[in-house]
Amino acid sequence: MTENVGIVIVSHSADVARGTAMMVEQMVGREVPLGWCGGDPDGGLGTSVEAIMAAIDRAWSEKGVAILVDLGGAETNSEMAIEMLPEPRRGRVVVCNAPVVEGAVMAATEAASGATLEAVRRTAEELTPA
Amino acid sequence: MNKLKASVLMRHEVGLHARPSVKLTKLAKGFESKIDLGLSPDGPWIDAKSIVKVMATRAPKDSTIYFRAEGSDAKAALDALVMLVDGDFQDGP
C-alpha cells in the first residue's frame with residue numbers, strides 16, 4: 001500500500017482551518033490524509049494543544065505529518081503538541097514555515113505524489129522568501 | 001538521450017491558475033521522465049513537477065504551453081500533458 005504524508009492545518013479560526021481543508025480536498029483530492037483544527041472550545045479565536053494532537057492523529061501517516069500554521073500561538077502550540085506525541089511519532093511530524101493556505105495546497109500536491117516528509121516541507125517552504 | 005517536445009494552446013478561462021496548476025503538476029509527477037514547461041519554444045524552462053514554480057508562471061488564457069521531456073516515458077508524458085491542457089484541464093463549463 002502506498003501511503004502519503006499527512007497534512008494538518010492549524011488556524012486561530014475554525015472557519016479558516018475548515019476552508020483551507022476544503023481547498024486542499026477540492027484542488028488536490030482525498031488521497032492525502034488531512035486533519036484541521038481552529039478556534040477555542042467556546043467558539044472564539046485560538047488554538048489548543050489537545051485539538052492539534054487530535055488533528056495529527058486524524059491525519060496520521062507512517063510517512064509523517066506536515067503541519068501548516070497561521071500565527072504565533074498556532075506555531076508554539078503545534079510544537080508543544082509534537083513534543084507530547086509518543087516517541088515513535090514525535091520525530092515524524094514537522095511544522096512548515098509557510099503561509100497556511102498556500103502552503104497547505106502546495107504541501108498536499110507534493111504529498112499526493114508519494115513524496116517524503118522532507119520533500120513536502122521543502123515544497124511548502126519554497127513559498128517563503130529567504 | 002534526446003529531448004522530446006510538444007506544445008499546446010491553453011484555452012482555459014482563467015489560465016494556469018491554482019486548480020489547473022495542481023492538476024498539471026500531479027499528472028507530471030506520475031511520470032519518471034524529467035519534464036520542463038515553458039511559455040516560449042526556447043524557454044526559460046521550469047520543472048513541470050514543481051507546484052510552486054508551475055503556479056508562479058501565471059500563464060494567461062490563450063498562452064501556448066511548451067513542454068519538453070527526457071526519459072523512458074517521455075512520449076507518454078507529453079501526450080498526457082497535451083491532452084490535459086487541450087481538454088481544458090477536465091473542468092466543466
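These numbers come from a predicted model, not from an experiment. Numbers restart at 1 for each chain; the letters A, B, ... are given by sequence-line order, proteins then strands.
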- Item | Shared hydrophobic cluster, B:Ile46 / B:Leu84 (ILVMFWY, side-chain heavy atoms < 4.5 Å) | yes
- Item | Side-chain heavy-atom pair A:Glu126, B:Ser50 within 4.5 angstrom cut-off | yes
- Message: Would you say NZ of B:Lys75 has more than 12 non-hydrogen atoms from neighbouring residues, nucleotides or ligands within 6.0 angstrom?
- Response: no
- Which atoms of B:Ser21 come close to chain A, meaning under 4.5 Å heavy atom to heavy atom: side chain ones, backbone ones, both, or neither? neither
- Is it true that A:Ile56 and A:Leu117 fall in one hydrophobic cluster, defined by side-chain heavy atoms closer than 4.5 Å? no
- Working to the nearest 0.5 Å, report the span between OG of A:Ser113 and CD1 of B:Ile51. 11.0 Å
- Note on the structure: CG of B:Leu24 to OG1 of A:Thr109, rounded to nearest 0.5 Å, is 11.5 Å
- Do any N or O atoms from the side chain of B:Lys26 and from the backbone of A:Val28 form a donor-acceptor pair under 3.5 angstrom? yes
- Determine whether more than 12 heavy atoms belonging to other residues, nucleotides or ligands lie under 6.0 Å from atom CZ of A:Arg58. yes
- What's the spacing between A:Thr123 OG1 and B:Lys53 NZ if we round to 0.5 Å? 8.5 Å
- Query: Should A:Val5 and A:Val93 be counted in the same cluster of Ile, Leu, Val, Met, Phe, Trp and Tyr side chains packed under 4.5 Å apart?
  - Reply: no
- Query: Would you say A:Arg90 has more than 12 foreign heavy atoms packed within less than 6.0 Å of its CZ?
  - Reply: yes
- Query: CE of A:Met27 to NZ of B:Lys23: how many Å apart, nearest 0.5 Å?
  - Reply: 10.5 Å
- Task: State, with a plain yes or no, whether a side-chain heavy atom of A:Glu110 is found less than 4.5 Å away from one of B:Lys29.
- Result: yes
